[in-house]
Amino acid sequence: MQSEGGMRHVMIHYWCDYSTQTIDFSFAQLTLNVAFPKATFIYSGLNMQRGNLVEQGILLKQFKDAFPKGTIHICHLAMPSTEPPRYIIVQYRGSYFLGPANGFMPLGFEEDLEYYIIPNDGTHKWDELNSLYIPAITLLLKEPDKALSHFFKPKLNNPKPIWIKPIVKNNFIRLSCMYVDPYGNCLFNIDKTEFERFQAGRKVRIRTPMKIIEHISNDYNDIQEGGVLALFGWGDIFQIAQNKGNCSSNMGIYIDSPIMVEFHES
C-alpha cells in the first residue's frame, strides 16, 4: 500500500533509553510524525541504564518477534562517549532494526544475520534521529522491494557476544539469571523452545535459593498474591517472578545467581 510521495504505509517502533517524561521524547515524537505523516507509531521510552549491553539485548529479545512483519524498529540507544559513533541496520524475519553498532543486536538476535552500515561521517552522535535513522528509513520506504545491500555497505567485522549457556547434566539443567527487570522479575538464559526440548514431556522441579517450584505457570493469575512462580514471559524467556512482589529481593535471586531445574517422570 502506497502513501503520498510514493512511500508505503508502515509501522514504526521508536525505542529509546530515556524517559517519556522528557522534552527529548516529545521532540522525537514530533520529528517522526513530521517525517512520516502516514505511518503508525509505537513509542517505547524506557528508563534503562544507558550503555548496558545486556539490558538492551534482553529487551530486544522480548519484543523482536511481537510486532507485525514489515515493522521498522528505531533502537535509539545511547553509546558510551569512548566509542566511535557507528550505526547499523539489519533485516530480521521481514522487519528492520536500526541502532548503534555496540553489539546489542547480535546479543538479542543470536541468529547469524547480515548487518549493514548506516552512513555516518562521525559528527552525528547526538542527533542520530534526524541525520541517520530518518534518512535510512526514507530510502527503504521509497524502494521497498530492494534488498538492504542496494542501499548500504555490509558490516564485515561482526563480533558476536553470547549468553552463558545452560549447563546440562543427566536430568538437571543449571540456569543463570541474566537480567532482573524493574519489577524484580528474574530472567534466565533459556527460552521456551530450548526448555521444552530438554524437558521432553517430563515434569519439572525448580530449585531456587528459598523455594522449590513444582510446575510452570501460564500467567500470574495461576498463583495467589505474593506467591512465587515460574513462567515464560515476553519473548518466551524463562523467568521466576512473584505475584505482586519483588522476586529478586524477596527470593535472593540476582544477576548471575544460579538455579537448578530437575526433570522427572513422577
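Only this structure's heavy atoms are used, side chains among them; waters, hydrogens and symmetry mates stay out. Remember, it's a predicted structure, so these values are computed and weren't measured experimentally.
For the 3.5 Å distance criterion, the side chains of Gln29 and Tyr43 fail to qualify, holding no donor opposite an acceptor. In summary, the side chains of Asn250 and Asn246 do not present any donor paired with an acceptor at a separation below 3.5 Å, with no hydrogens or angles considered. The closest side-chain donor-acceptor pair between Arg86 and Asn102, if any, does not fall under 3.5 angstrom. Side-chain N/O atoms of Tyr133 and His76 include no donor and acceptor closer than 3.5 Å.
Inter-residue side-chain proximity for Cys177 and Leu187 is flagged as unmet; no heavy-atom pair is nearer than 4.5 Å. Phe188 places a side-chain heavy atom less than 4.5 Å from the side chain of Ile253.
Note that CG of Leu60 is 8.5 Å distant from NE2 of His73, once rounded to the nearest 0.5 Å.
Considering every non-hydrogen atom in both Leu53 and Gly103, the closest pair reads CD1-C, 3.5 Å. Minimum interatomic distance between Val90 and Glu114 (heavy atoms only, all atoms of both residues): CG2-O, 3.4 Å.
Under a cut-off of 6.0 angstrom, the local environment of OH in Tyr254 is crowded, with over 12 non-hydrogen atoms contributed by other residues, nucleotides or ligands. Applying the 6.0 Å contact sphere to CH2 of Trp234 captures no more than 12 heavy atoms from other residues, nucleotides or ligands.
The pair Lys203-Glu265 fails the salt-bridge criterion, with no side-chain N (NZ, NE, NH1 or NH2) lying under 4.0 Å from an Asp/Glu carboxylate O.
Every pair passing side chain to side chain donor-acceptor pair (under 3.5 Å) that includes a residue from residues 57-66 is listed here, sequence neighbours excluded: Lys61-Glu110, Lys64-Tyr92, Asp65-Tyr92, Asp65-Arg93.
Partner of Asp17 under the side chain to side chain contact (heavy atoms under 4.5 Å, CB included) criterion, out of Leu59, Asn52, Leu77: Leu77 alone.
Between Phe36 and Phe41, the ring center distance fails the sub-6.0 Å criterion. Separation of the Phe152 and Tyr115 ring centroids does not fall under the 6.0 Å cut-off. The aromatic ring centroids of Phe67 and His13 lie less than 6.0 Å from each other.
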